[in-house]
Amino acid sequence: MPPGVRPPRPPLEPPRESQPRKGGTTAGEGQEGGFPPERGFMCGIVGYIGFRNATDVLIDGLRRLEYRGYDSAGVAVKTPQGLRVVKRSGKLSALEAALKEEKLEGPLGIGHTRWATHGAPTDPNAHPHTTEDGRIAVIHNGIIENYLELKEALKARGHRFSSDTDSEVLAHLIEEKYRGDLFEALREALKEVRGAYAVVAVHQDHEEIVAARTVSPLVVGLGEGEHFLASDVPALLPYTRKVIFLHDGDVARITREGVEIKDLSGNPLFREAVEVDWSLEAAEKGGFPHYMLKEIYEQPWVLENTLGGRLVEEEGDVDLGLELDPLEVDRVHVVACGTAAYAGLYGKYLLEALARVPVEWDVASEYRYRDPVVDERTLAIAISQSGETIDTLEGLREARRRGARTLGVVNAKGSSLTREVEAVLYIHAGPEIGVASTKAYMAMLAAMAMLALRFGRARGTLGKEEAQALIRELKKLPRLVEEVLEKRPLIAHIAEKYHQAQDFLFLGRHVQVPTAYEGALKLKEISYIHAEAYPAGEMKHGPIALIDEHLPVVVLATQGPLYEKTLANIQEVRARGGKVIAIATEGDEEIRKLAQDVLYVPQVHPLLAPMVSVVPLQLLAYEVAVLLGRDVDQPRNLAKSVTVE
């Protein structure tokens, strides 16, 4: 799409108010944006049983899951000649080329795209894995923590392994437990397994697919005379919108006639089927060259979705639909990873400023190991786009074990996080396909602003008039973000000037510190250029040593209480030859004297400035990555939601 041109405004689905959760939910819960993308280690799963050629369905489904990131792919199809497996390292095109020669046809099959953890991305390490006789095939997302001891025991009992993966132990375990019932063999095998998994298995003597999940997502698609299985809803959308979300500990048997679900102890379970409300078009690029760019341009409408129906200006308050009393909270702990963590840091600034409640902020992977001080008047806020990120889930669980109240700020309904918290604040960002998060981050910022406003009003630390002013500013944000998007041609020009740089430095103060962190993260994620971010006042305590005429320095210098101090930091950069790219408020002519390049954003309340300031940083990262020929939507080594530690 040409610079500065936006697609037709997409329809907004009505925001649905969040509901509190207390330790569980039904499988039939609806979900905005489909099932949460696992986008983690060993990524995509597709299964089919019915009257179509399974190979066609599997390849189509795997293609719709390509955005998840992977380094090998494979299928197992039940043919008249028996169970046949074809798998290749590399992209899906390599598998498709091999399948043209094999000409696999059959009504039952499973497929997988793998992101390597145990074992290099080679043909033998690709999934599916089979038993020695080839009668059982298994695919697996997640990680088997005790695979070494299981593997050694299996080898001692005569099993031969053909891969370096942890997943292959599952095939041999199932074979040992098999007594004519594949479902029961899977259930018994999993009793010996520790770890995170979505496991799918088939046997050449059975017209069924069996599956189980713990941590890693699985969803069953229901049809007429056919059924489907996938790790993510997009793979199912061409065929059905009626789905069953499996829960942790569920084991499922899928036949042409129906779906049977039990727990690991063998007790029957009921999981309600629901209609997903995500159109296939929502996952398409809509004329943009990349999903990431499309999602950047969707941010005005995401803000309307996140804010809509929740702002009550006449009362100077926010209706979040949460059964959570801010007066029962003495401190807040925020846990999250990556981009979500920076949204949480923004939330810390706002909660302390507006609600005067002390907030501790941790990257989730560190939180549970630092022996945090938690009691029953602590509120733990876990932030996650997918609701499946294992570090965030484990951090939340640690806080809950110590007695904390819990709140999830989540995009994906039906995800694991939503079932483990007392209350959920949905951000309503819709499906986010690009690995590098943009629109979900914007929605998280808006959600944290509303949460801080609600807490401030409830605790009496935020007056009605000040709250009304903030609400009016929040309502302006969709239009203001649209104005920033119109500046893409200028941003592209600046990217052209600096895309050959080896390093970038990002600086900000107060609420713009998280913006600086996020800007640096976006650049390094998709362009592979080294980028660091610092509070601007901290620059002189170390990073200033890096500054020379080759270093572009992006400075968040919007109008606010610390504007003058930020200008002083810019002067420090200029004095050492650094190239300054300033993000400044419209009408600020003074900054032109100090910065080589200025990207203007609209005037907004200083506490809300990150929601307009982050957009040029997203576009800068995107334009630089495109100029460098990077894979913008699937940057190397990255995963959308990492479901193993």
Side-chain angles (χ1 to χ4, degrees), residues 18 21 25 29 31-41 43 68 141-142 196 215-217 231-233 245 248 295 302 306 320 322 332-348 361-368 379-400 404-448 450-451 514 517-518 521 525 638-645:
S18 55
R21 299 290 152 77
T25 188
E29 190 168 281
Q31 177 166 281
E32 179 175 303
F35 198 70
E38 182 220 356
R39 190 78 68 74
F41 300 97
C43 284
R68 297 156 67 89
N141 283 353
V215 179
S216 293
S231 51
D232 201 346
V233 163
F245 298 110
D248 282 1
E295 288 156 5
V302 166
T306 306
L320 298 178
L322 302 176
V332 173
H333 287 186
V334 178
V335 293
C337 301
T339 287
Y342 300 143
L345 181 56
Y346 172 70
K348 168 185 167 67
W361 171 82
D362 287 83
V363 291
S365 57
E366 288 295 318
Y367 178 76
R368 68 182 175 127
L379 174 66
I381 302 176
I383 308 174
S384 172
Q385 189 283 133
S386 70
E388 300 292 343
T389 304
I390 190 63
D391 287 323
T392 302
L393 285 167
E394 290 297 342
L396 172 79
R397 290 163 183 162
E398 180 65 22
R400 193 175 62 193
R405 307 287 302 278
T406 56
L407 169 67
V409 179
V410 191
N411 190 35
K413 295 185 178 180
S415 58
S416 297
L417 183 60
T418 66
R419 296 195 291 271
E420 297 197 24
V421 293
E422 294 177 51
V424 184
L425 174 54
Y426 286 114
I427 63 174
H428 298 308
E432 185 173 67
I433 307 303
V435 167
S437 179
T438 52
K439 67 176 184 175
Y441 178 72
M442 181 70 74
M444 290 171 186
L445 296 182
M448 296 307 292
M450 289 190 294
L451 188 67
Y517 287 148
E518 176 62 10
L521 178 63
E525 280 182 318
L638 291 180
K640 185 75 172 177
S641 169
V642 181
T643 59
V644 294
E645 290 189 271

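On a predicted model such as this, the values are computed, not experimentally measured, just so you know.
- Heavy-atom minimum distance, V334 versus G344: CG1-CA, 3.6 Å.
- One distance of note links OH of Y441 with CD1 of I383; it measures 10.0 Å at 0.5 Å rounding.
- The backbone N or O of A341 sits less than 3.5 Å from a side-chain atom of W361, completing a donor-acceptor pair.
- No side-chain donor-acceptor contact under 3.5 Å links K439 to the backbone of E295.
- Between R397 atom CZ and T392 atom OG1 the span is 10.5 Å, to the nearest 0.5 Å.
- Side chain of T406 to backbone of A380: no donor-acceptor contact under 3.5 angstrom is found.
- Distance CG/L417 to CD1/I390: 11.0 Å, rounded to 0.5 Å.
- Side-chain contact of S415 with E388: a donor-acceptor pair under 3.5 Å is absent, judged by distance alone.
- When atom types are taken as modelled, the side chain of N411 and the backbone of A429 share a donor-acceptor pair closer than 3.5 angstrom.
- Atoms CD and OG1, from E394 and T389 in turn, are 12.0 Å apart once rounded to the nearest 0.5 Å.
- Inter-residue side-chain proximity for I427 and V409 is flagged as met; some heavy-atom pair is nearer than 4.5 Å.
- Among E518, E525, E432, Q385, the single residue meeting the side chain to side chain donor-acceptor pair (under 3.5 Å) criterion with S437 is E432.
- Separation of atoms CG (D391) and OH (Y367) is listed at 14.0 Å; rounding is to 0.5 Å.
- Side-chain atoms of L451 and L407, non-hydrogen and from C-beta on, do get closer than 4.5 Å to each other.
- Residues M450 and T306 form a side-chain contact, since some pair of their non-hydrogen atoms from C-beta on lies under 4.5 Å apart.
- Distance OG/S384 to CE/M444: 6.5 Å, rounded to 0.5 Å.
- Between Y346 and P514, the closest heavy-atom pair is N-CG, 3.7 Å.
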